[in-house]
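Labels below follow one simple rule: chain letters A, B, ... track the order of the sequence lines, proteins then strands, and each chain is numbered from 1. Remember, it's a predicted structure, so these values are computed and weren't measured experimentally.
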Amino acid sequence: MSPDNFEESGPGYAPPAVRPGGIAARASAGAGSRYLDGLNPEQRAAVETLDGPLLVLAGAGTGKTRVLTSRIAHILATGRAFPSQVLAVTFTNKAAREMKERIAVLIGGAAEGMPWLGTFHAISTKILRRHAELVGLKNSFTIIDTDDQIRLLKQVLQAENIDDKRWPARTLAYQIDNWKNRGLDPAHVPAGEAAAFADGKGGKLYQHYQDRLKALNAADFGDLLLESLRLFREHPDVLKQYQERFRYMLVDEYQDTNTVQYLWLKLLAQGRNNICCVGDDDQSIYGWRGADVDNILRFEKDFPGAKIIRLERNYRSTGHILDVAAGLIAHNQGRLGKTLFTDGEKGDKPTVSGVWDSEEEARVIGEEIEQLQRQGARLDEVAILVRASFQMREFEERFITLGLPYRVIGGPRFYERAEIRDALAYLRLVAQNDDDLAFERIINVPKRGLGDASLQMLHDHARREHISLSQAARIMIETEELKPKQRQALRDFLADLDRWTGLVEQKPQGELAETILEESGYTDMWQKDRTAEAAGRLENLKELVRAMEEFPSLTAFLEHISLVMDADSADAGARVSIMTLHAAKGLEFETVFLPGWEEGLFPHQRSLDEQGRAGLEEERRLAYVGLTRAKRRAKIYFATNRRIRGLWQTTIPSRFLDELSEAHVEVVDSASGRSYGNYAQSRFANMDTYRSPYATPGWQRAQRRSAETQGEARSNWQDSAARRGPLTIEGELVAKSSASSSFGKGARVFHMKFGPGTVAAVDGNKLTVDFDKAGRKMVLESFVQAA
DNA sequence: CATTCGAGCTTTTTT
DNA sequence: AGCTCGAATG
C-alpha cells in the first residue's frame, strides 16, 4: 500500500512530488540538511535518534522547539515518513502554530499539510469525527465549552431535584472534568468518589450528563480525549489503522500530560513504537488541572527500551540567573535531575527588593522600567510575571498614570466574552437548528418576552417528544399552550431562524453574521446600552465578523472557533507585558520583574492547603519558570503589606527567597537604590520595625516568632488555613491554633457588623454569639474583639 | 416577565 | 472590595 493512501484529509493535501527516497536524496545532496547545522551534540542526538521511544529532557531555554522541529524535518527529509504519517501533539494552538511555521522554514514549505500536527484536542476531534457513530455521536457533533457545560449540568441537577446551592454545578463540572482527565467514564469512577457528591448521586449525575450530551450530539472538551480513547479501546480495528499510520509520534510538553492523554498516546505508540516525548519535569505547573508529573518520571518504565537525552546547555539566560534558578529548584524532591549551564557571561545578579506595600511595588517597578527605557531597553523585552491575576491591576493603574505602554496577556479570552458567545449561539443555531444549548442561550437575547416560563414549557414538550427545542417550538406555535403574546414572539423568531438558515448557502458567512445580528436586534441591543462596555462589545462583534471572513464556510469557522481560536493580541508596538507566571511558560524576556514573593501569595496558600508538599513543589517550579524566563535581568520583590480582599494584611517574605543562593543574588533597598552585599544580620534587626523588610536567610526565625505571637498577629492566609482545619504543609501537620479561643462562654464581645454581644458557645475559632441587636450568629473569633 | 437587591465567593488556565 | 448569581420584588 502506498503511504499516501492513508491520506484522506481533504483536497488541501497534495502528495509530495517526489517519492520519499527522492526527498532524501535531495536533502543530502544540497542545502537540505541545513536543519542539522548548529545543533549541539545532544540536540543532534535527539533529532537523529529516530527508532524506539525517546524522552528528551529539555531544560528551560535549551532549544526544545528547535529539536522538535528539526526532528520532524529530519524524518520527512530522510524519507522515513510522509507528512501525513507523523503525529505531532502540543497543548496549545500557539505551540502548534509555531511548530508549523518553523517546520515550513526548515524544509521550505514541504511540511504543507502535516494533517496530524495539532493540539491533543484538535487531533482527537479529527479522529472522532471520522468514527463518531462508533461512540454514539453523529459526525456533526458540537463541541461545547465550559459555559455550556455548566448550564447543562444545572439542568441535570435540576432534573434530579438537587439543591444547586449546596451542590453547585461548578463543583460537579470540576469533578467530572477531573474524572475525564483521568480517563474514567461513569462506569469506572471509584465508588467512593462517585458517592462524594450530592449524597451519593455523583456517579449517577455524571452518567446523566453524558446521556444528555449524547442526546444533544455534543461533546465537552474532556470527551474529545476520553471518547477517542474509548473508540480505540472498543474498536481495535480502528486503533490499528492509526497505529500503523503514525510511523512517528512527537509530544511536546510531556510533563503536562494528564492520564487520558497518556493512555491515548500509549495505545497509539504500541504500533510503531516510535514515540518521542519532549518535556521538563521542572516546568510542570499544571498539576491542578490534571497534569500528572509522574508520566514523565515514569517514562522509562512505560516505554521499555526508552532512551533519555538531556538538554542542559542553556542559550537564554546569563550565569547568575541560571545559578539562582538551579539552586531554587534543587529544593524539590522527585526530579529527574538536570543542571542547566551556559558558557556565556555571568551577567547581573538577580535582585531581591523589599517594599512597603503593593502600591510601592508598582511604583518602584514602574520607575525601574522607565530607567531601563532611558537606557535604550525595548519595552517588549520587559515582562512582569505575577502569581495571581489580581496583582495585575495595581500595575495597570500605575502604568496608566505613567503613560507607560503595557499589555495584559491572558485574561478573558475573546470567544469567552458574552457578546461573542451570543453571536456564536446564533450562528450555531442557524448551522444546526437542533442545537438546544444555542437555542436556549439566545431565545430571549435580546428580550423577546420569552422568559423562563415559556422556555420551561418548550423544555417539557421537547423532553416528552424526544425532539429538540426548535422542533418543540414549531409545534407549540400551533397549540394553545403558550399565551398569545409569547406564541407570536416565538413564531416571529422561528420565521427569522428559517430565513437565516436559508441564507447559509446564499451568503458568505461574514455577511450572514451581520444580517443575523442586525435582524435579530442583537446589535441594536448593545447600541441602546449606555454602559461603558457596550462600545467595546460592538467592536468585538465586528472583529468576530472580520475573523469569520477568513474561513471557507460557516461550519469550518464554527469548528475552528471551538477548538482553535485564541485571542491573538494585536501587538502593535513595544509594550511591557503583564501576565501570570503560568502564561509565561515558553516565553522569554531580557528583563523579568517578579513581584509578590510573599508567603501565602507565592507559594500560594491554597496550593499548600490542597496539595501539601506536592503543591509546594509545584509552586517552586512556578518560581523556577519565572526566573528562567529572564535573559539578562531578573528582579524579585516582596511587599510587607498587601491588600487581600479589601483588607490590609501584613505579610511574610516568601520561603523561596531564602532558597536563592546568597552568592548569586543581590539584595537591594529599592527605595534608595542602595545595595547590600551582606544582608544576613543587619536586615533582620530591622524587620520588626517594618522599616526595611528584607528577605533574610534567618526569616525562619521571624516565622517562628510570628508563630509564637499567632494569637493576634496571625495573617489572613494562616487564618483561612486554620479555618479549614488541620492541614498538611511539607508533610507536617499544621495544627489549628491550639488555644481554642481567647474568649470564653459569657464573654462580652464586639463585632464590626453585628455590634456588641455575649458569647454563647465556643468551637475552636468559631464563636456562637448572642448579639444584642442582631440575634444569635456564628462568627469567627478573628472578627470580634473584646468589648 | 423584567428589574433590583442581597448573599456568597475569591489561584493558576487550555481545550 | 468587587463581582456574579439567584431570589425577592414591582
Worksheet item: Which residues satisfy the ring-ring contact (aromatic ring centres under 6.0 Å, His included) test with A/Tyr286, sequence neighbours excluded?
Response: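 Result, ring-ring contact (aromatic ring centres under 6.0 Å, His included) vs A/Tyr286: A/Trp288, A/His582.
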
Practice prompt. Please list, chain by chain and in numerical order, all residues satisfying ring-ring contact (aromatic ring centres under 6.0 Å, His included) with A/Tyr206, sequence neighbours excluded.
Written response: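 For A/Tyr206, the residues satisfying ring-ring contact (aromatic ring centres under 6.0 Å, His included) (neighbours in sequence not counted) are A/Trp179.
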
Within less than 4.0 Å of OP1 or OP2 of [N], is there a side-chain N or O belonging to [X]?
X: A/Asn93; N: B/dT15; answer: yes
X: A/Asn444; N: B/dA2; answer: yes
X: A/Ser454; N: B/dC1; answer: yes

How is [X] classified with respect to the nucleic acid when contacts are heavy atoms under 4.0 Å: base, sugar-phosphate, or nothing?
X: A/Asp145; answer: nothing
X: A/Arg643; answer: nothing
X: A/Thr146; answer: base
X: A/Leu450; answer: sugar-phosphate

Worksheet item: Can you check whether A/Asn295 reaches A/Gln255 side chain to side chain, under 4.5 Å on heavy atoms?
Response: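 No. Closest side-chain heavy atoms not under 4.5 Å.
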
Discussion item. Are A/Lys100 and A/Arg97 packed together at the side-chain level, in the sense that at least one heavy-atom pair is separated by less than 4.5 angstrom?
Written reply: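 A side-chain contact is absent here, since even the closest heavy-atom pair is not under 4.5 Å.
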
Discussion item. Quick check: on DNA chain B, is the nucleotide nearest A/Arg448 upstream (toward 5') of the one nearest A/Leu622, or the reverse? Name the residue that is more 5'.
Written reply: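 It is A/Arg448 whose nearest nucleotide is closer to the 5' end.
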
Can you tell me which nucleotide in [options] comes closest to the side chain of [X]?
X: A/Lys447; options: B/dT14, B/dT11, B/dA2; answer: B/dA2
X: A/Ala453; options: B/dT14, B/dT11, B/dC1; answer: B/dC1
X: A/His582; options: B/dT15, B/dT13, B/dT11; answer: B/dT13
X: A/Thr119; options: B/dT15, B/dT11, B/dT14; answer: B/dT15
X: A/Phe221; options: B/dT11, B/dT15, C/dG2; answer: B/dT15

Practice prompt. Determine, answering yes or no, if A/His121 is stacked on B/dT15 under the 5.5 Å centre rule and the 30° plane rule.
Written response: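 Check failed, A/His121 does not stack on base of B/dT15.
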
Worksheet item: Between A/Phe91 and B/dT15, do the rings stack, that is, sit under 5.5 Å apart with planes less than 30° off each other?
Response: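 The base of B/dT15 is not stacked with A/Phe91 (the test needs centres under 5.5 Å and planes under 30°).
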
Worksheet entry | Which residues share a salt bridge (Lys or Arg N to Asp or Glu O under 4.0 Å) with A/Asp145, sequence neighbours left out |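 So A/Asp145 forms a salt bridge (Lys or Arg N to Asp or Glu O under 4.0 Å) with A/Arg421.
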
Discussion item. My understanding is that only residues two or more places apart in sequence, or in another chain, count here; which of them pass salt bridge (Lys or Arg N to Asp or Glu O under 4.0 Å) with A/Glu394?
Written reply: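 Checked A/Glu394 against salt bridge (Lys or Arg N to Asp or Glu O under 4.0 Å); zero matches.
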
Please list each protein N or O that sits under 3.5 Å from an N or O in nucleotides 5-7 of chain C, with the distance.
{"unit_1": "C/dG6", "atom_1": "OP1", "unit_2": "A/Lys154", "atom_2": "NZ", "d": "3.4"}

Please give, in whole Å, the distance from [N] [atom2] to [X] [atom1]?
X: A/Gln149; N: B/dT14; atom1: CD; atom2: C1'; result: 13 Å
X: A/His560; N: B/dT15; atom1: NE2; atom2: P; result: 11 Å
X: A/Asn181; N: B/dT13; atom1: CG; atom2: C1'; result: 12 Å
X: A/Gln486; N: B/dA2; atom1: CD; atom2: C1'; result: 13 Å
X: A/Glu610; N: B/dT11; atom1: CD; atom2: P; result: 9 Å
X: A/Glu619; N: B/dT13; atom1: CD; atom2: C1'; result: 14 Å
X: A/Lys94; N: B/dT13; atom1: NZ; atom2: P; result: 13 Å
X: A/Gln283; N: B/dT12; atom1: CD; atom2: C1'; result: 16 Å

Practice prompt. Decide side chain to side chain contact (heavy atoms under 4.5 Å, CB included) for A/Ile123 and A/Thr119; before the verdict, give the C-alpha distance in whole Å, the side-chain angles of both, and the deciding distance to 0.1 Å.
Written response: CA-CA 6 Å; A/Ile123 289 170; A/Thr119 62; over 6 Å; no

Item to complete: Can you tell me which residue pairs pass the side-chain hydrogen bond (donor to acceptor under 3.5 Å, both in side chains) test with a partner in residues 440-450 of chain A, sequence neighbours excluded?
Response: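 Found A/Asp147-A/Arg441, A/Gln155-A/Glu440, A/Asp422-A/Arg441, A/Tyr426-A/Arg448.
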
